[in-house]
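Below is one structure; the comments refer to it alone.
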Amino acid sequence: MGRGLQPLPPDAPHPRPARCEGRRWQGLGAHGQPHLRPRRGESGPGRCRDGSHREGTHPPQSRSYLAMTADSMDATVPSRRPALGFIGGGVMAEALIGAVTGGGLAAPGTLLVGEVDEERRRVLREQYGVEVTADNLAAADAELVVLAVKPQHLGVVLQQLRGQLREDTIVVSIIAGARLQTLCEGLEHPLVVRAMPNTPARVRKAATFWIPSAGLSEPALVRVRSLLGALGTEVEVADEAGVEMATGLAGPMPAFVYFLIEAFIDAGVALGLPRDQATLATVESMRGSLELLHRSQESPAALRKQVTSPGGATLAGLKVFESAGVRDAMDAAVRAVHARAQELGRLPLAPLEPGKEG
Ligand SMILES: NC(=O)C1=CN([C@@H]2O[C@H](COP(=O)(O)OP(=O)(O)OC[C@H]3O[C@@H](n4cnc5c(N)ncnc54)[C@H](O)[C@@H]3O)[C@@H](O)[C@H]2O)C=CC1
Ligand SMILES: O=C(O)[C@@H]1CCC=N1
């Protein structure tokens with residue numbers, strides 16, 4: 001057991017308020033344990049059931065949680081068990097790494113990223129000071145392991161890690177479409193969380209929907225909430241379908257929003273505004289509108305009506321949206337993402353031949 005952060009005792013009372021603002025960071029776990037990997041089969045397969053009784057929305061944690069001690073900050077010593085491991089060091093892993101280290105919630109040296117691409121390893125090490133490796137098994141030795149590869153690469157990763165995880169390792173998969181059952185059975189490991197964050201994790205403003213498998217203890221769930229809460233707002237759903245629906249809406253939302261921003265900027269330029277002014281008009285108006293929505297407690301429809309005078313100018317624009325079927329298009333887009341994510345979750349898990357990565 002490390003001298004720094006201590007995991008909660010198994011019987012520790014677990015605070016389950018609907019809002020967890022101000023909850024103290026519980027740390028990602030104990031550091032300082034020897035870097036030992038159990039032999040294949042030691043951890044054994046466990047039951048894999050969906051957790052189904054927990055649901056709650058938790059706003060972002062404040063920056064005041066820091067409970068990292070001097071002792072726990074020295075975990076760069078390679079023989080120590082990493083607190084947080086990543087399998088895949090791409091866009092989302094980087095967002096999570098930035099949130100966790102930038103929020104002061106874990107020392108960079110306690111993170112170990114398994115990544116196949118040498119250039120990505122270099123970037124992550126240089127920009128964030130995290131440990132990197134080409135050996136996924138080393139990264140998977142961490143107390144909490146985030147699976148952050150594309151769905152097309154899940155099969156390879158499951159093959160590598162199957163039966164190799166320590167009994168107490170918590171796995172958090174952010175892979176679109178990957179089902180709890182697939183993950184638990186593929187890893188031969190019962191402690192798995194399925195989560196769907198989004199790229200605003202980079203600025204600690206993600207909306208993450210998640211569900212644990214039934215094997216997670218309350219102290220383990222506290223750690224998961226701490227990690228996901230560090231990314232922004234986390235919502236624990238009662239049913240795996242909730243994560244799948246969020247994959248259609250929250251996961252792609254940044255792309256949808258940027259698509260709209262691009263289109264509005266182009267429209268402003270087409271009217272004759274200089275591009276920088278069209279950009280400012282679009283982005284600042286969007287930012288202000290969201291801030292107003294956030295603070296006013298009024299519904300989006302009520303706020304829209306306040307802008308739309310009867311017979312006025314805005315109404316002329318909204319009529320164009322309605323007659324062009326923009327609402328239907330948005331509905332169809334969300335359904336398409338949802339369906340594609342489920343399709344990705346059904347991909348054969350055997351490694352793909354080069355050039356057939358979908
Ligand atoms: N990009 C997004 O907005 C979101 C993505 N996700 C999910 O997160 C996962 C990762 O997405 P991104 O970060 O966008 O992808 P990415 O392509 O940027 O990152 C994946 C990384 O995994 C590495 N990799 C590939 N095979 C590997 C292996 N066998 N071992 C170790 N590393 C390996 C790649 O070199 C790459 O750096 C996906 O499953 C996606 O569904 C979830 C929410 C939002
Ligand atoms: O496009 C993707 O596959 C991922 C899933 C949600 C957002 N991006």
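Order of appearance sets the numbers: ligands from 1, and atoms from 1 within every ligand. Owing to the predicted nature of the structure, the values given are computational and were not obtained by experimental measurement.
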- Identify whether Val269 and Tyr258 are in the same connected component of the hydrophobic contact network (ILVMFWY, side-chain heavy atoms under 4.5 Å). yes
- Item | Atoms in ligand 1 with a heavy atom of Gly114 nearer than 4.0 Å | 31 (C), 32 (N)
- Under a 4.0 Å heavy-atom limit, does Ala148 contact ligand 1 with its side chain, its backbone, both, or neither? backbone
- Item | Shared hydrophobic cluster for Leu137 and Leu165 (ILVMFWY, side-chain gaps under 4.5 Å) | yes
- Task: Just jot down the side-chain hydrogen bond (donor to acceptor under 3.5 Å, both in side chains) partners of Asp117, sequence neighbours excluded, or say none.
- Result: none
- Message: Would you say Val334 ends up clustered with Val257 if hydrophobic residues are merged whenever their side chains have heavy atoms under 4.5 Å apart, either directly or through other cluster members?
- Response: yes
- Message: Between the side chains of Glu115 and Arg125, is the shortest nitrogen-to-carboxylate-oxygen separation below 4.0 Å, so that they form an ion pair?
- Response: no
- Asn136, portion touching ligand 1 at heavy-atom distance under 4.0 Å: side chain
- Query: Where is the nearest protein heavy atom to atom 3 (O) of ligand 1: which residue, which atom, and how far?
  - Reply: Thr199 CG2, 3.4 Å
- Query: Taking C-beta and beyond as the side chain, do Arg202 and Glu94 meet within less than 4.5 Å on heavy atoms?
  - Reply: no
- Quick one: look up the protein heavy atom nearest atom 22 (O) of ligand 1 and list residue, atom name and how far away it is. Gly88 CA, 3.5 Å
- Within 4.0 Å of some non-hydrogen atom of Gly251, the atoms of ligand 2 are 6 (C), 7 (C)
- Message: Can you give me the closest heavy-atom contact between Val307 and Thr314, atom names plus distance?
- Response: O-OG1, 3.4 Å
- Query: Which residue holds the protein heavy atom closest to atom 37 (O) of ligand 1, what is that atom called, and what is the gap in Å?
  - Reply: Glu115 OE1, 2.7 Å
- Query: When you measure from atom 18 (O) of ligand 1 to every protein heavy atom, which one gives the shortest distance, and what is it?
  - Reply: Val91 N, 2.9 Å
- Message: Heavy atoms only, cut-off 4.0 Å: how does Ala255 contact ligand 1, side chain, backbone, both, or neither?
- Response: neither
- Heavy atom of the protein closest to atom 24 (N) of ligand 1 (residue, atom name, distance): Val116 CG2, 3.6 Å
- Message: Side chains of Glu240 and Gln181: any donor to acceptor distance under 3.5 Å?
- Response: no
- For the residue pair Glu188 and Leu161, establish whether any side-chain heavy-atom pair is separated by less than 4.5 Å. no
- Task: Determine, using the 4.5 Å side-chain heavy-atom cutoff (strictly less than), whether Val337 and Val243 are members of one ILVMFWY cluster.
- Result: no
- Is at least one protein non-hydrogen atom found at under 4.0 angstrom from atom 7 (C) of ligand 2? yes
- Task: Show which atoms of ligand 1 fall inside a sub-4.0 Å distance from at least one heavy-atom site of Ile175.
- Result: 39 (O)
- Message: Would you say that Val132 contacts Leu112 through its side chain, given a criterion of any heavy-atom pair below 4.5 Å between the two side chains?
- Response: no
- With backbone taken as N, CA, C and O and side chain as the heavy atoms from C-beta onward, which portion of Glu94 lies under 4.0 Å from ligand 1: side chain, backbone, both, or neither? neither
- the protein heavy atom lying closest to atom 11 (O) of ligand 1 turns out to be Lys150 NZ, 3.8 Å
- Can you tell which part of Met92 has a heavy atom less than 4.0 Å from ligand 1: side chain, backbone, both or neither? both
- Is the closest basic N to carboxylate O distance between Glu343 and Arg340 below 4.0 Å? yes
- Message: Any salt bridge linking Asp331 with Arg335? Criterion: basic side-chain nitrogen under 4.0 Å from a carboxylate oxygen.
- Response: yes
- Note on the structure: If you scan protein heavy atoms around atom 19 (O) of ligand 1, the nearest is Gly90 CA, 3.1 Å
- For ligand 1, which atoms, with element, lie under 4.0 Å from some heavy atom of Met196? 42 (C), 43 (C)
- For ligand 1, is there an N or O atom under 3.5 Å from any N or O atom of Ala176? yes
- Quick note on ligand 1: atoms under 4.0 Å from a heavy atom of Ile174 include exactly 6 (N), 7 (C), 8 (O), 42 (C)
- Message: If you take the nearest heavy atom of each of Leu124, Val113, Val149, which one is closest to atom 38 (C) of ligand 1?
- Response: Val149
- Task: Among all protein heavy atoms, pick the one closest to atom 25 (C) of ligand 1 and tell me residue, atom and distance.
- Result: His153 ND1, 3.6 Å
- Please report which non-hydrogen protein atom sits nearest to atom 4 (C) of ligand 2, along with the residue it belongs to and the distance in Å to one decimal place. Ala176 CB, 4.7 Å
